Amino acid sequence: MKDFFAKQYNRMDPSLRRLLRYMPGFRWLILGAVLFMLTGAASSSLIAMLFGKLTDIGLYQQQTWVILAAPIGLIFIGLLNGGSMFMSNYLLAKISQSLLFQLRQELFSNILRWPAATYQNNATGFIAAKFVNEANVALSNAARSFIILVRDSLQIVGLTAVLVWHNAVLTLITFLIAPAIIWLLRYLSAKIRRVMANSQQNIATLLVFIKSCYQAMSLIKISNTYDREMKKLENINNTVMSLELKMCKVTSAATPCTQLIGVIGVAVVLAVAMFETQKGLLTIGEFITFLTAMILILPPLRRITGINNAFVGMSVAAESIFATLDEPKEQDNGKTVLTACRGEIAFDHVTLRYPNSDKDALHDVSLVANAGEIIALVGLSGSGKTSFVNMIPRYWNPTSGRIVLDGVNTQDITLASLRKQIAIVSQDVVIFDGTIRDNICYGTDSATEGAVLKAVEDAALSEFISGLPQGLDTVLSERGTNLSGGQKQRISIARALLKNAPILILDEATSALDAESESCIKLALEKLADNRTTFIVAHRLSTVVNATKIYVLAEGQIMESGTHAELLRLNGLYANLCRLQGLGENSSAQQPGGMTQ
């Protein structure tokens, strides 16, 4: 018996096998559900036997006690059957929802730890589809399908035992239809699997499209491209609809075809049974028992053939989910835990090439930033500035060379302790759903009220927040749409101030702001950069003229380096960029903190 089950398990789809490995954690709930299903199956068999016995005792032997006992017995068995079905359904639903919870937790945990390349290769709509659509398909159907498989299989076994007990020959004739049903199910399974995989892919494509249009609504309106976007949606929608109809056609054919085969078998058996009854080989009671058992066995047989579609869908969804779970996490092989750092950073012949690219984003870059220095990175778009700073917190790892922090290779430092030493303020400010306080304290939940208020003051947010009825507890809308660009940027600065990290990265922190907002933000940034090793990525050269050292990048290489004055005298790329922006030697009126206004 053990070998039989092992063989059946190995023949199962690999994704379903993997799904089953989660089950041992719910063994007691499964045991309870199976016991209730056994009770339900037994009660179905009792109904068939009871009808036969009542026919013989009540109609032929005319026992008077049967008049009262028959309805009471049937009601009791009906209550037993219904109660067992309810409990087995509830317990299995609890298992599937618990498993769904666990899978979503694992999926999200894995996604949070992906390397940057994996985020680039997966659109947000496709990932959302795994949480919303595929996880539900895999597990919501799992509970229902498992109920049908186990409960109806037990009912079929019990009713088959009744059939064999009363007439083995008729039972053998009944099950001659089994090979035809098995062949039909295998044929339909292959077709359903192909269609369902394509269908899920296109639903994810639809989610990606809707999300991208929602985020680009202003551009669509100003470009008056409603018809173009509607045409795109129509094409995607038509594909989804045709696949769903094809799926419906294939799945709808399964049950009628198996039912027709079953009815043919029943018709043959019924003819033989009536012949035997007329010849006296069967009593009327036995005939009624056999007929009732056959009638009762047809619904579970029909449901079991129908769940084939559900198992195919579960297999496709589970395969997609596990493919996402199996995506490798970002490498974190470091053993050194940084509790504090001075902030001295050295790039030692660092080269970075992105996956699937035939050109280096950065090539053989070397520089040293001493603790507390302000290092500016300037150059045209695509020169490698953001790629450079993204390697400091190890969003990307060097293809060759090494980055050293306080004399330790960053590859040897744990990611958590490395990133604890770094604060980032970028052009694209991230605002989460929640209050202003939640957003400022993000990542530093243990901050005191005094520290939060100090960060708010230093980030020039006090006047704005004091004018709000709810103050720091004001709830922000999705992506901070009820804030101006300057207000969002100052919240980001307050977040960085509260983190109080020794290394600061400013990636185009003021490029999208108007002159008034930029002036206010610069004052806050000066306080933020004070006594920190700071890397500034900027297109506006007015923000970097007083940097300790300026590095000019072009095509992934450092072409020039020096102070603002030195680079102007060199009269190279930097001097040309300054002329384009109207800057010269007299642009270095220094403000507190080493930055200019």
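In this text the structure is predicted, and so the values were computed from the model without any measurement.
- Using modelled atom types, one side-chain atom of K385 and one backbone atom of G379 make a donor-acceptor pair closer than 3.5 Å.
- Identified under the side-chain hydrogen bond (donor to acceptor under 3.5 Å, both in side chains) test for residues 404-425, with sequence neighbours left out: E330-R419, N397-Q411, T414-S417.
- N110 places a side-chain N or O within 3.5 Å of a backbone atom of T324 that can act as its donor or acceptor partner.
- Looking at residues two or more places apart in sequence or on another chain, you find no salt bridge (charged side-chain N to carboxylate O under 4.0 Å, His left out) involving R532.
- Listed by chain and number, the residues in a side-chain contact (heavy atoms from CB on, under 4.5 Å) with N439 are I431, F432, L476, I491, R495 (sequence neighbours excluded).
- With sequence neighbours excluded, the residues forming a side-chain hydrogen bond (donor to acceptor under 3.5 Å, both in side chains) with K454 are D458, listed by chain and number.
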Practice task
Determine, step by step, whether Y574 and M559 satisfy the side chain to side chain contact (heavy atoms under 4.5 Å, CB included) criterion, reporting the C-alpha distance in whole Å, the side-chain angles of both residues, the deciding distance to 0.1 Å, and the verdict.
Solution key: CA-CA 9 Å; Y574 181 80; M559 308 305 289; over 6 Å; no

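- Scanning for side-chain hydrogen bond (donor to acceptor under 3.5 Å, both in side chains) contacts around D364 gives H349, with sequence neighbours left out.
- The aromatic rings of Y22 and F322 sit parallel, their planes meeting at an angle under 30°, below the 60° perpendicular limit.
- The two residues D360 and R353 make their nearest non-hydrogen contact at OD1-NE, 2.8 Å.
- Here the straight-line distance linking atom CG of D428 with atom CD of Q489 works out to 9.5 Å at 0.5 Å rounding.
- The backbone N or O of N238 lies less than 3.5 Å from a partner atom in the side chain of S242, making a donor-acceptor pair.
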Contacts table for residues 459-468: side-chain donor-acceptor under 3.5 angstrom, sequence neighbours left out:
residue	atom	partner	partner atom	Å
S466	OG	S462	O	3.1
S466	OG	E463	O	2.9

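- A salt bridge links R437 to E449: at least one charged side-chain nitrogen sits closer than 4.0 Å to a carboxylate oxygen.
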Exercise for the section: Apply side-chain hydrogen bond (donor to acceptor under 3.5 Å, both in side chains) to D473 and Q470, showing your working. Expected result: CA-CA 5 Å; D473 296 316; Q470 304 288 312; over 6 Å; no

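- No more than 12 heavy atoms of other residues, nucleotides or ligands sit less than 6.0 Å from atom CZ of R402.
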Handout entry: Chi angles and distances behind the side chain to side chain contact (heavy atoms under 4.5 Å, CB included) call for L573, V378
Key = CA-CA 10 Å; L573 288 173; V378 301; over 6 Å; no

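- One finds no salt bridge joining E566 and R569 here, because no Lys/Arg side-chain nitrogen approaches an Asp/Glu carboxylate oxygen to under 4.0 Å.
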Practice task
Take L405 and L338 through the side chain to side chain contact (heavy atoms under 4.5 Å, CB included) test and state the conclusion after the steps.
Solution key: CA-CA 10 Å; L405 173 60; L338 286 181; 3.5 Å; yes

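- At distances below 3.5 Å, at least one donor-acceptor pair connects side-chain atoms of K499 with backbone N or O atoms of I422.
- Looking only at distances, a side-chain donor or acceptor of T533 sits under 3.5 Å from a matching main-chain atom of G372.
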Exercise for the section: Output, in order, the C-alpha distance, side-chain angles, deciding distance and verdict of side chain to side chain contact (heavy atoms under 4.5 Å, CB included) for F535 and I345. Expected result: CA-CA 10 Å; F535 289 85; I345 298 176; 3.6 Å; yes

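- In this structure, G471 and T474 approach most closely via the heavy-atom pair O-OG1, 2.8 Å.
- To the nearest 0.5 angstrom, I493 atom CD1 is 13.5 Å from L498 atom CG.
- The 12-atom threshold is exceeded at CG of N576, counting heavy atoms of other residues, nucleotides or ligands nearer than 6.0 Å.
- Under the 3.5 Å distance criterion, the side-chain polar atoms of Q581 are matched with a main-chain donor or acceptor of L541.
- Atoms CG and CD, on L362 and E555 in that order, are 12.5 Å from each other to the nearest 0.5 Å.
- For N356, the CG atom sits in a loose shell: 12 or fewer heavy atoms of surrounding residues, nucleotides or ligands are nearer than 6.0 Å.
- In this structure, R228 places its CZ atom where only 12 or fewer heavy-atom neighbours from other residues, nucleotides or ligands lie under 6.0 Å away.
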Exercise for the section: Check step by step if ring pair (Phe, Tyr, Trp, His ring centres under 6.0 Å) holds for F347 and F388. Expected result: CA-CA 10 Å; F347 276 63; F388 182 99; 4.0 Å; yes

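- Scanning both residues, K359 and S357, for their nearest heavy atoms gives O-OG, 3.0 Å.
- Side-chain atoms of T548 come within 3.5 Å of backbone atoms of I374 as a donor-acceptor pair (strictly under, hydrogens ignored).
- Without hydrogens or angle criteria, T239 side chain to N235 main chain gives a donor-acceptor distance under 3.5 Å.
- In the displayed structure, Q331 atom CD is contacted under 6.0 Å by at most 12 heavy atoms of other residues, nucleotides or ligands.
- Under the side chain to side chain donor-acceptor pair (under 3.5 Å) test applied with S387, the options W396, Y395, Y354 reduce to a single match, Y354.
- A side-chain N or O of D438 and one of T435 form a donor-acceptor pair less than 3.5 Å apart.
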